[in-house]
Amino acid sequence: MARDSFESTEDLQRRARNAPEGAFLAIDFVMVPHAGRTMEGVNYHYSGQAQTRLGHQFTSAALVRFGEDPVPLLERFKVSQPLETTCYPYRTATQEMIHVVQDCLAAGVPMAGLLLDGEFGRDAAVTFSREHQIPVLIRAKANMTVQFEGESLTLGALSRQFPPERCHLYAEFGWRVRRLPVAREVGGFDVLIVWRKVHGEWTRFFLFSTFGGDVTVRSLLRAWKARWGIDTDSVCFANNPELHQIASSTSGTRLTPTLRGSSPSRIRSD
């Protein structure tokens, strides 16, 4: 993947031909740890372990399907706000997601739907999903407020009404799940309360879905499990912050990111 150029429509089309039929487009951010002396262009990364780390953010996209290898489409530098230029604008997470999807649509990349983590914006993603008729499955935060049966409450509060014993067991995953119709100002959609055991204790996370009712919970869970392929696919990239082993397919030179120079991508040829 790192040997290819990720700039042209033809590249996206060529990679998409390797994807299995019915694959989903998964988009995520990859954080490359900061390893240099210069601080220019470095972003903060907030992890699930409440740790704040300095790093360089890259946007990663792949076509994924449960039981199949992920097919990477792009891995490109996400410009931080201090590095913004006219040619390389800064984008919020949701704007970056929309930009990637529009590039894929322009290239004719087929997708059964979008799989997104929580940073990509819930209401804007729902609006985009409906405007382009692309169903989306997104991780939601426990403090997200929804309307359920005429009552306004957070997903965390809603999950207390549906503990593990009130949710259906999907033995394939070892998860207990309840699918509920809810609404926000942008309209109605489904929320999945997903309970899983971590170190012997039930813990929950939430997904919201604009997929139709004809798509089963099992299918949604399989799609979400497939999304983890994009994380696995990016491990080598994220663990090699200096990229000193990555060769260019066009020049044969090695590529090393630098925080100096005129290119906002801060990637130069050695």
Side-chain angles (χ1 to χ4, degrees), residues 1-32 55-79 88-121 124-125 128-129 131-139 210-211 220 222-240 243 245-250 255 257 263-267:
M1 178 181 69
R3 291 177 178 272
D4 292 335
S5 164
F6 291 86
E7 298 177 355
S8 71
T9 295
E10 290 76 15
D11 287 327
L12 290 174
Q13 292 171 337
R14 174 171 53 83
R15 293 187 188 89
R17 287 197 293 269
N18 296 322
E21 185 178 352
F24 298 84
L25 178 64
I27 303 173
D28 205 354
F29 288 140
V30 178
M31 294 301 299
V32 177
H56 306 277
Q57 198 170 50
F58 289 75
T59 303
S60 180
L63 290 171
V64 300
R65 184 177 177 182
F66 187 77
E68 305 279 353
D69 290 333
V71 177
L73 294 178
L74 62 85
E75 193 91 47
R76 67 187 180 198
F77 186 82
K78 183 180 181 298
V79 178
Y88 297 90
Y90 164 76
R91 299 185 182 95
T92 65
T94 301
Q95 289 169 344
E96 179 71 6
M97 176 273 292
I98 290 174
H99 182 69
V100 170
V101 175
Q102 288 175 335
D103 281 351
C104 291
L105 290 175
V109 174
M111 61 189 80
L114 293 177
L115 307 174
L116 306 171
D117 216 342
E119 67 261 51
F120 291 101
F128 178 80
S129 167
E131 287 178 349
H132 293 80
Q133 297 183 333
I134 303 173
V136 64
L137 185 65
I138 309 181
R139 184 192 295 270
T210 63
F211 283 81
L220 293 175
R222 281 186 147 213
W224 190 253
K225 291 285 281 188
R227 193 197 72 86
W228 288 104
I230 195 174
D231 296 325
T232 304
D233 191 65
S234 302
V235 165
C236 292
F237 183 82
N239 287 341
N240 188 12
L243 304 185
Q245 298 297 329
I246 295 179
S248 166
S249 61
T250 54
L255 298 178
S263 171
S265 69
R266 294 317 193 248
I267 296 182

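None of the values given here were measured: they were computed from a predicted structure.
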Requested in this report: Could you tell me whether the side chain of Arg14 and the main chain of Glu10 form a donor-acceptor pair under 3.5 Å?
Outcome: no

Query raised in the report: Considering only heavy atoms from C-beta outward, does the side chain of Phe128 approach that of Val101 to under 4.5 Å?
Result: yes

Query - Student check: side-chain heavy atoms of Leu115 and Leu25 closer than 4.5 Å - result: no

Report task. Using a 4.5 Å cut-off on heavy atoms from C-beta on, say whether the side chain of Glu119 contacts that of Glu96. Result -> no

**Report entry** Nearest heavy atoms of Ile138 and Gly118, plus distance in Å
**Finding:** CG2-CA, 4.4 Å

Query raised in the report: With a cut-off of 6.0 Å (strictly less than), are more than 12 heavy atoms of other residues, nucleotides or ligands near CG of Asp69?
Result: no

Report task. Using the test side chain to side chain contact (heavy atoms under 4.5 Å, CB included), find all partners of Pro89 that sit at least two apart in sequence or belong to another chain. Result -> Glu84, Arg91

Query raised in the report: Rounded to the nearest 0.5 Å, what separation is found between the CD atom of Gln95 and the CD atom of Gln102?
Result: 10.5 Å

**Report entry** Sub-4.5 Å side-chain heavy-atom contact between Asp117 and Arg227
**Finding:** yes

Query raised in the report: If every non-hydrogen atom of Val136 is compared with every non-hydrogen atom of Ala125, which pair is closest and at what distance?
Result: CG1-O, 4.3 Å

Query raised in the report: What are the two closest heavy atoms between Val64 and Ala226, and how far apart are they?
Result: CB-O, 3.6 Å

Report summary line: Here the gap from His99 atom NE2 to Ile27 atom CD1, rounded to the nearest 0.5 Å, amounts to 11.0 Å

Query raised in the report: Ring centroid separation for Phe66 and Phe24, is it under 6.0 angstrom?
Result: no

Report task. Looking only at non-hydrogen atoms, find the nearest pair between Ala16 and Leu73 and report the distance. Result -> N-CD2, 4.0 Å

Query raised in the report: Would you say the side chain of Arg76 lies within less than 4.5 Å of the side chain of Val100, judging by non-hydrogen atoms?
Result: yes

**Report entry** Leu220 side chain near Phe211 side chain, heavy-atom distance below 4.5 Å
**Finding:** yes

Query - Met111 versus Cys104, closest heavy-atom pair with distance - result: CE-CB, 3.9 Å

Query raised in the report: So, does Thr94 use its side chain to make a donor-acceptor pair with the main chain of Phe120 at under 3.5 Å?
Result: yes

Query raised in the report: Less than 4.5 Å apart, any side-chain heavy atom of Leu105 and any of Ile134?
Result: yes

**Report entry** Arg139 vs Trp224 side-chain heavy atoms within contact, under 4.5 Å
**Finding:** yes

Report summary line: Thr210 and Pro135 have their tightest heavy-atom pair at OG1-CA, 3.4 Å

